[in-house]
Amino acid sequence: MTDNSRPARPVLLGQNQYGKAENRVVRITRDGATHHIKDLNVSVALSGDMEEVHYSGSNANVLPTDTTKNTVYAFAKEHGIESAEQFGIHLARHFVTSQEPITTARIRIEEYAWERIEASDADSRFIGADEVKHSFVRKGQETRLTQITYDGQSWEVVSGLKDLVVMNSTNSEFWGYVKDRYTTLKEAYDRILATQVSARWRFNWTDDEQRMPHWEKSYEQTRKHMLQAFAETYSLSLQQTLYQMGSRIINSRSEIDEVRFSLPNKHHFLVDLEPFGLKNDNEVYFAADRPYGLIEATVLRDGCEPRIPVDLTNL
């Protein structure tokens, strides 16, 4: 028999946020006949004094998500898009300072890169090469990422990339590992090392009194150091390569205190060609897409605390 005399425990509202997700905005900057493209996917999440809308349905403190969408497009016109980070900073500051109920704004941005198409030559019977400054092809490598969080006093900027596929065709080994009754993997002293890099890095710029990083240069240099470390590390494990990539970034970029990587090991297995009377001298491989080893770790500047979520899907 149920005892109905006991008062029901109160049900409380936990963390909450709302906004308009995945606003696709393309900004064309026309410098005479030369055009420049910024192609972003912007998601806005706002939180603050939002208890009443959940409890009673009162929208008195609610800025419509349609308004946040319109703000993204209006800001693309009013402020331009110098970088994904700078654009996100403009938006976060606006939402927190213009709406009293809003105490925190989180802006997530994906940036899709474009590069100019090279014309054939200036003697083309169509348009001369010097005149073609408005045609682009989407770069098929990585997607650039950033997340800006602002609470009215301090900033947190975490940038990064995903889907950057890299490969070393040699200078990688894997041996000396633990073996038990289920181990069938043969030791490798010359193997392909390939991965699809997902990385996030946290800036130590946290308030308006500090000098703001040069966001575009920072991204280019961070990516460069990451790739150089991958290429220049003689790898005995993907973990070793990961650490070298993170260390190179931390040691080379003073504006970054923390880097987190998620690196799936894109396995390449030598194909057995002996049934055909052929010797496979590290030449022909089967590229397996699954299952795959997944290597993840954070690399930190000494004295800094980790703040990037362990599960990168939360970003």
Side-chain angles (χ1 to χ4, degrees), residues 22 24 39-41 43 84-85 108-115 137-147 157-174 177 185 188 190-202 216 218-250 252-253 256 258-271 282-300 306 308-315:
E22 300 203 48
R24 285 300 309 274
D39 184 353
L40 307 183
N41 188 19
S43 293
E85 287 85 356
R108 291 178 177 171
I109 300 177
E110 295 182 346
E111 178 177 346
Y112 312 113
W114 294 78
E115 59 186 349
V137 58
R138 259 284 297 272
K139 284 187 178 179
Q141 297 185 54
E142 79 274 13
T143 298
R144 180 174 168 179
L145 307 167
T146 191
Q147 173 176 290
V157 180
V158 177
S159 294
L161 55 80
K162 65 178 181 179
D163 300 331
L164 179 64
V165 181
V166 293
M167 174 191 288
N168 283 331
S169 56
T170 189
N171 286 358
S172 176
E173 305 178 17
F174 187 59
Y177 42 81
L185 184 70
D190 185 7
R191 67 169 184 169
I192 287 176
L193 181 67
T195 186
Q196 182 170 307
V197 180
S198 178
R200 307 290 190 277
W201 48 87
R202 180 172 55 81
E216 295 292 277
S218 180
Y219 180 82
E220 292 169 6
Q221 291 296 308
T222 300
R223 182 183 184 276
K224 180 191 77 172
H225 290 301
M226 180 193 309
L227 291 177
Q228 287 177 344
F230 178 84
E232 296 168 8
T233 299
Y234 191 102
S235 180
L236 300 177
S237 67
L238 184 52
Q239 285 93 330
Q240 177 193 18
T241 298
L242 180 155
Y243 180 75
Q244 291 299 320
M245 292 164 68
S247 297
R248 187 81 67 96
I249 292 170
I250 296 295
S252 303
R253 303 306 305 172
I256 295 171
E258 177 186 5
V259 187
R260 182 160 180 85
F261 290 103
S262 180
L263 302 182
N265 197 335
K266 300 180 76 67
H267 298 297
H268 290 70
F269 299 109
L270 279 170
V271 177
N282 292 331
E283 296 165 302
V284 180
Y285 297 83
F286 166 64
D289 65 342
R290 65 194 67 180
Y292 52 84
L294 183 59
I295 312 301
E296 299 177 302
T298 299
V299 182
L300 292 161
I308 298 175
V310 168
D311 185 354
L312 287 179
T313 60
N314 287 335
L315 274 182

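- When the options R200, R108, E85 are evaluated for a side chain to side chain donor-acceptor pair (under 3.5 Å) with Q147, the one that passes is R108.
- D190 CG to N171 CG: the interatomic distance, rounded to the nearest 0.5 Å, is 8.0 Å.
- Side-chain contact between L227 and L164: present, with at least one pair of heavy atoms (C-beta onward) separated by less than 4.5 Å.
- Ring geometry, Y285 versus H268: the interplanar angle exceeds 60°, so the pair is classed perpendicular (tilted spans 30 to 60°).
- Of the candidates L185, L236, N265, F174 forms a side chain to side chain contact (heavy atoms under 4.5 Å, CB included) with just one, namely L185.
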Worksheet item: Does the side chain to side chain contact (heavy atoms under 4.5 Å, CB included) test come out yes or no for R191 and L193, once each step is laid out?
Response: CA-CA 6 Å; R191 67 169 184 169; L193 181 67; 3.8 Å; yes
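- Side-chain contact between L145 and V158 is absent, with no heavy atoms from C-beta onward closer than 4.5 Å.
- At a threshold of 4.5 Å between non-hydrogen side-chain atoms, the residues T298 and I308 do not count as touching.
- Contact check for N282 versus L270: side-chain heavy atoms found under the 4.5 Å cut-off.
- In this structure a side-chain-to-backbone donor-acceptor pair under 3.5 Å is present from N168 to F230.
- Residues that satisfy the side chain to side chain donor-acceptor pair (under 3.5 Å) test with E22, not counting sequence neighbours, are N41.
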request  = Show the numbers, then the answer: is there a side chain to side chain contact (heavy atoms under 4.5 Å, CB included) between L161 and M226?
outcome  = CA-CA 11 Å; L161 55 80; M226 180 193 309; 4.2 Å; yes
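- Residues T146 and A84 come closest through the heavy atom pair CG2-CB, 3.8 Å.
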Y234/E173 under side chain to side chain contact (heavy atoms under 4.5 Å, CB included): CA gap, chis, key distance, verdict | CA-CA 8 Å; Y234 191 102; E173 305 178 17; 2.5 Å; yes
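- Summarising the geometry, atom CG belonging to L242 is positioned 9.5 Å from atom CD belonging to E296; distances are rounded to the nearest 0.5 Å.
- Counting heavy atoms from C-beta outward, I249 and F261 have side chains that approach closer than 4.5 Å.
- Exactly one residue among E111, E142, E110 makes a salt bridge (Lys or Arg N to Asp or Glu O under 4.0 Å) with K162. That residue is E110.
- When the shell of 6.0 Å around OH of Y292 is examined, it contains 12 or fewer heavy atoms from other residues, nucleotides or ligands.
- If you take CD1 on I109 and OG1 on T143, they are separated by 13.5 Å, rounding to the nearest 0.5 Å.
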Self-check item: side chain to side chain contact (heavy atoms under 4.5 Å, CB included) between W201 and V157, worked out
Solution: CA-CA 8 Å; W201 48 87; V157 180; over 6 Å; no
Tell me, with the steps shown, if T233 and T241 meet side-chain hydrogen bond (donor to acceptor under 3.5 Å, both in side chains).
CA-CA 6 Å; T233 299; T241 298; 5.3 Å; no
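- Within 6.0 Å of OH on Y243 lie no more than 12 heavy atoms contributed by other residues, nucleotides or ligands.
- For the atom pair I256 CD1 and S159 OG, the distance stands at 8.0 Å (nearest 0.5 Å).
- Atom CD of Q240 and atom CD1 of I295 lie 12.5 Å apart (nearest 0.5 Å).
- Taken from CD in Q221 to CZ in R253, the straight-line distance is 5.5 Å, to the nearest 0.5 Å.
- Put simply, the side chain of H267 gets close to the backbone of G293: a donor and an acceptor are under 3.5 Å apart.
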